[in-house]
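Numbers here simply count residues along the sequence, with the first being 1. Note that the structure is a prediction, hence the values are computed from the model and not measured.
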Amino acid sequence: MTDAVPHPVKLAPSLLACDFTRFGEELRAIEGADWAHVDVMDGAFVPNISFGLPILAAARRASPLFMDVHLMIERPERYLRDFADAGADGLTVHVESTPHIQRAVDMIRDLGKKVGITLNPGTPLEALRPLLADVDLILVMSINPGFGGQKFMPSSLERLRTLRRWLDDSGSKVELQVDGGVTPQNARAIVHAGATCLVAGSAVYGPDGAQAGLERLREAIK
Ligand code: DX5
Ligand code: ZN
């Protein structure tokens, strides 16, 4: 079938959408996922404050999942060591969040964590080019970061296709992740555009629970 999913795909539920009064249960409900996505917001880089180190440390204690930490904070290099110590397995930083992105990338590498970089929908992809050889993950933001539950920006598909081409041309195997507005309805198109890892908050932590939400996403990309 020509429509077959072209490569294995990781699912990374975003804890931002979970019920924090039942944090331990909400983490157990996604144990069938590949990663847990942890959204840290500082109210400065993005217009919202989410949570920080103690919540990551609690998630780390409660779950064996790979902790994929998305830092939406200004000058993240100030806190990389703290997030590594609190239990991050991967740290993703925004190219717009520091004048010294290469230094931040090197610091994550030196801490022994998976290195991720990302960029807002309004930032040209060229901003990533100099870093491609130094990272393990590239995250394409398909919404303007700051809030869960927003609508997927269709222009992200073209950005994914471009990055997929750059990566394939250089033989790179880095993870190509997408974050924002991912649903069972658009997941297949996103994977066909080249994504290898899907972050999903509201599509997983819906009214019928995370296990059902995760299952719907898996079905959509079978
Ligand atoms: C937003 C965060 C996302 C968010 C996604 O700034 O980076 O990870 O949780 O939520 P949904 O899947 O609901 O768009
Ligand atoms: Zn995120």
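Side-chain contact between H70 and M141: present, with at least one pair of heavy atoms (C-beta onward) separated by less than 4.5 Å. Q211 has its side chain out of reach of L214: every pair of non-hydrogen atoms, C-beta onward, lies at least 4.5 Å apart. Within the 4.5 Å cutoff, no side-chain heavy atoms of L128 are placed close to those of V135. Side-chain contact between S14 and V204 is absent, with no heavy-atom pair separated by less than 4.5 Å. Inter-residue side-chain proximity for V174 and K114 is flagged as unmet; no heavy-atom pair is nearer than 4.5 Å.
In this structure, R78 has no side chain to side chain donor-acceptor pair (under 3.5 Å) partners at least two apart in sequence or on a different chain. Partners of E77 by salt bridge (Lys or Arg N to Asp or Glu O under 4.0 Å), not counting sequence neighbours: none found.
Atom CZ of R81 has 12 or fewer heavy atoms from other residues, nucleotides or ligands within 6.0 Å. Surrounding OH of Y79 are at most 12 heavy atoms belonging to other residues, nucleotides or ligands under 6.0 Å away.
Once rounded to the nearest 0.5 Å, the distance linking CG of L119 with CG of L163 reads 7.5 Å.
Relative ring orientation between H94 and F45 is described as tilted, the plane-to-plane angle lying within the 30° to 60° band.
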For a quick test of your reading: what N or O donor-acceptor pairs under 3.5 Å do the side chains of residues 46-60 make, sequence neighbours left out?
{"unit_1": "N48", "atom_1": "ND2", "unit_2": "G146", "atom_2": "O", "d": "2.8"}
{"unit_1": "S50", "atom_1": "OG", "unit_2": "D39", "atom_2": "O", "d": "2.7"}
{"unit_1": "S50", "atom_1": "OG", "unit_2": "M41", "atom_2": "N", "d": "2.9"}
{"unit_1": "R60", "atom_1": "NH1", "unit_2": "G87", "atom_2": "O", "d": "3.1"}
{"unit_1": "R60", "atom_1": "NH1", "unit_2": "D89", "atom_2": "OD2", "d": "2.9"}
{"unit_1": "R60", "atom_1": "NH2", "unit_2": "S63", "atom_2": "O", "d": "3.0"}
{"unit_1": "R60", "atom_1": "NH2", "unit_2": "L65", "atom_2": "O", "d": "2.8"}

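By the criterion of side-chain heavy atoms lying less than 4.5 angstrom apart, applied directly or through intervening Ile, Leu, Val, Met, Phe, Trp or Tyr residues, V9 is not grouped with L139; the two fall into different hydrophobic clusters. Hydrophobic clustering, with ILVMFWY side chains joined whenever heavy atoms are under 4.5 angstrom apart, groups W166 together with I117.
Under the 4.0 Å criterion applied to side-chain N and carboxylate O atoms, R109 and D136 are assigned as salt-bridge partners.
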